[in-house]
Amino acid sequence: MTKLTSIALMIASMFSISTSYASEPIEVIKPAVITNPEKVELGKMLFFEPRLSMSGYISCNSCHNLSLGGVDALPTSVGHNWQEGPINSPTVLNADYMLAQFWDGRAADLKEQAGGPINNPKEMGYTHELAVDTIRSMPAYIARFNGVYGSNEINIDRITDAIAVFEKTLVTPNSPFDKYLEGDQKAISADALAGYQLFKNKGCVSCHNGPAVGGTMYMKMGLVKPFHTNNPAEGRKGVTGKEADKFVFKVPTLRNIELTYPYFHDGSVWGLEEAVNTMADIQLGQKMNQEEISQMVEFLKTLTGDQPQIVLPALPPSNNNTPRPVPFTKG
């Protein structure tokens, strides 16, 4: 075999892998490209900043814990004064791939989402004005905002912008399934591959596709059969006011799904096997046997990628000008 022939075969092989990958409904998650590390660091500080809450106890990381797959592993989150939230906390990992934020899509992007919990009385229980006063009271924050934005001005727009820029870095590349898509046929097991074929053949990919394996559309929960829940959330109806949007939610990402239990908007299901069986039944009208369910779960586990490696930030100390926290009252 000539050297020229060898090169031609290598190029043909690479083209074949590229073509095969391009034809799949799931796309590879790419590592984050950081162009403004100073803003990312400021956003990280604010993401872990509990003084953005009335109690001085709750931060973004409380409900989107980066050591737990970007969730809090609770059916619904616990907010100010031990109030239980109305809905399951979605993962912050790969959230920038979503068409909108929150289950009902009421925030257009990560920046808008970041401002929501701060002044929600059931979540962080603060106000945007007090949040700004708190951050503005600390000289170290003023210096960082000046370095990032070119002036000492601190406002909610800049606070949420920095948080969003940090959150955009929270991607999870290099999952076994990504490696499979990139041509490593041994990256996933035979059972996982069979599960992926079922995932496609059963119709799961009609909603769960793209880099995040979801998050690109809205769909009714209980499309074929009703989904029975005591959770009060009505999905998109709460945003649009349309009856047709009742129980229509953003399709969640399946990336890192083995880490982001409990499942569904009401957090009612703790196991992947039950979640797969439920979705096949009420969304697709499909019956699956135990072997098929096990294979599907094996595939879903291959979607777990590298978790963000976070060095906890050192936050500046409060001072006499910093608003004092109001701790939770005893229930």
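These numbers come from the heavy atoms of this one structure, side chains and all, not from hydrogens, waters or symmetry mates. Treat the numbers as computed from the prediction; the structure is a model and nothing was measured.
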task = Tell me whether V269 is reachable from L254 by hopping between hydrophobic residues (I, L, V, M, F, W, Y) whose side-chain heavy atoms are closer than 4.5 Å.
result = yes
Requested in this report: Answer whether the closest heavy-atom distance between the side chains of T329 and W82 falls below 4.5 Å.
Outcome: no
Contacts satisfying ring-ring contact (aromatic ring centres under 6.0 Å, His included) that involve residues 113-136 (not counting sequence neighbours) are none
Side-chain ion pair, E38 and R144, N-O less than 4.0 Å:
no
Requested in this report: Report the C-alpha separation of D245 and K220 in whole Å, then their side-chain angles, then the decisive distance to 0.1 Å, and conclude whether the salt bridge (charged side-chain N to carboxylate O under 4.0 Å, His left out) test is met.
Outcome: CA-CA 8 Å; D245 286 334; K220 182 177 181 179; over 6 Å; no
For the residue pair T304 and E258, confirm or rule out a side-chain donor-acceptor distance under 3.5 Å.
yes
- Query: Is the side chain of S137 donor-acceptor paired with the backbone N or O of T134 at a distance under 3.5 Å, no angle test?
  - Reply: yes
Could you tell me whether the side chain of F47 reaches within less than 4.5 Å of the side chain of P313, counting heavy atoms only?
no
Under 3.5 Å side-chain donor-acceptor pair for N65 and D72:
no
Worksheet item: Can the ring centres of F328 and Y57 be said to be less than 6.0 Å apart?
Response: yes
Notebook entry, point to check: Using 4.0 Å as the upper bound for N to carboxylate O, is an ion pair formed by R136 and D133?
Noted result: yes
Contacts of P308 meeting side-chain contact (heavy atoms from CB on, under 4.5 Å) (sequence neighbours excluded), chain-then-number -> L93, L170, T172, I310
Residues N231 and H265: closest non-hydrogen pair is OD1-CD2, 3.9 Å
All heavy atoms of K168 vs all of L110, minimum pair found to be CG-CD1, 3.8 Å
Taking the side chain from Q283 and the backbone from G222, do they hold a donor-acceptor pair closer than 3.5 Å?
yes
Nearest heavy-atom approach of P25 to V205 is CG-CG1, 3.7 Å
Side-chain ion pair, D191 and K301, N-O less than 4.0 Å: no
Across all chains, not counting sequence neighbours, the side-chain contact (heavy atoms from CB on, under 4.5 Å) partners of K186 are D184
Self-check item: F249 side chain reached by M219 side chain, heavy atoms, under 4.5 Å
Solution: no
request  = Assess whether side-chain hydrogen bond (donor to acceptor under 3.5 Å, both in side chains) is satisfied between T322 and R51, documenting all intermediate values.
outcome  = CA-CA 9 Å; T322 306; R51 289 167 295 185; 5.7 Å; no
Side chains of S175 and D178: is there a donor and an acceptor less than 3.5 Å apart?
-> yes
Taking every heavy atom of V224 against every heavy atom of D281, the minimum-distance pair comes out as CB-O, 4.3 Å
For K44 and E41, what are the C-alpha separation, side-chain angles and deciding distance, and is it a salt bridge (charged side-chain N to carboxylate O under 4.0 Å, His left out)? CA-CA 5 Å; K44 181 173 71 172; E41 184 63 24; 3.3 Å; yes
Would you mind reporting whether M217 and C207 have side-chain heavy atoms less than 4.5 Å apart? yes
Applied to residues 102-120, the salt bridge (Lys or Arg N to Asp or Glu O under 4.0 Å) test, sequence neighbours excluded, yields D104-R106, K111-D157
| field | Verdict with reasoning, T216 to V251, per side-chain contact (heavy atoms from CB on, under 4.5 Å) | value | CA-CA 7 Å; T216 59; V251 175; over 6 Å; no
Does the side chain of Y141 come within less than 4.5 Å of P316's, by heavy atoms? yes
(message) Any donor-acceptor pair under 3.5 Å linking the side-chain atoms of N256 with those of Q307?
(response) yes
- Message: What I'd like to find out is whether the side chain of I29 reaches to under 4.5 Å of the side chain of N174, using heavy atoms alone.
- Response: no
As a quick check of understanding, evaluate side-chain contact (heavy atoms from CB on, under 4.5 Å) for M296 and E292, giving each step before the final call. CA-CA 6 Å; M296 185 86 78; E292 290 175 324; over 6 Å; no
Linked, directly or transitively: I118 and F102 (ILVMFWY side chains, under 4.5 Å)
no
- Task: Please check if I188 and L259 belong to a single hydrophobic cluster, counting links between Ile, Leu, Val, Met, Phe, Trp and Tyr side chain heavy atoms closer than 4.5 Å.
- Result: no
| message | Would you say V92 ends up clustered with V171 if hydrophobic residues are merged whenever their side chains have heavy atoms under 4.5 Å apart, either directly or through other cluster members? | response | no
Aromatic rings Y263 and Y261: how do their planes relate, parallel, tilted or perpendicular, breaks at 30° and 60°? perpendicular
| task | Walk me through it: do H64 and V71 pass the test side-chain contact (heavy atoms from CB on, under 4.5 Å)? | result | CA-CA 4 Å; H64 302 287; V71 300; 5.8 Å; no
Open item on the list: Looking only at side-chain N and O atoms, does D266 offer a donor or acceptor that is under 3.5 Å from a partner on T229?
Closed with: yes
Residue set satisfying side-chain contact (heavy atoms from CB on, under 4.5 Å) with Y218, at least two apart, ordered chain then number -> L99, A100, R236, V248, K250
For Y180 and A187 the tightest heavy-atom approach is N-CB, 3.8 Å
Would you confirm whether N201, through its side chain, and Q197, through its main-chain N or O, come within 3.5 Å as a donor-acceptor pair?
yes
Q) Can you tell if the side chain of P50 reaches within under 4.5 Å of the side chain of L52, non-hydrogen atoms only? A) no
Residues V28 and P211: closest non-hydrogen pair is O-CB, 4.3 Å
* Asked: Can you find a side-chain donor-acceptor pair between T127 and N119 that sits under 3.5 Å?
  -> no
Here the ring-ring contact (aromatic ring centres under 6.0 Å, His included) pairs for residues 187-213, sequence neighbours left out, are F177-Y196, Y196-F299, F199-F299
Is there a side-chain contact between M279 and L284, using heavy atoms and a 4.5 Å cut-off? no
So CZ of R324 and CE of M54: to nearest 0.5 Å the spacing works out to 14.5 Å
**Message:** Side chains of E298 and T302 only: does a donor on one sit below 3.5 Å from an acceptor on the other?
**Reply:** no
- Decide whether V297 and I26 are clustered together by the hydrophobic rule: side chain heavy atoms of Ile, Leu, Val, Met, Phe, Trp, Tyr closer than 4.5 Å, transitively. yes
Exercise. Does the side chain of E153 pick up a donor-acceptor pair with the side chain of N155 at under 3.5 Å?
Worked result: yes
Item to complete: Step by step, work out the side-chain contact (heavy atoms from CB on, under 4.5 Å) result for F264 and N88.
Response: CA-CA 7 Å; F264 308 149; N88 181 257; over 6 Å; no
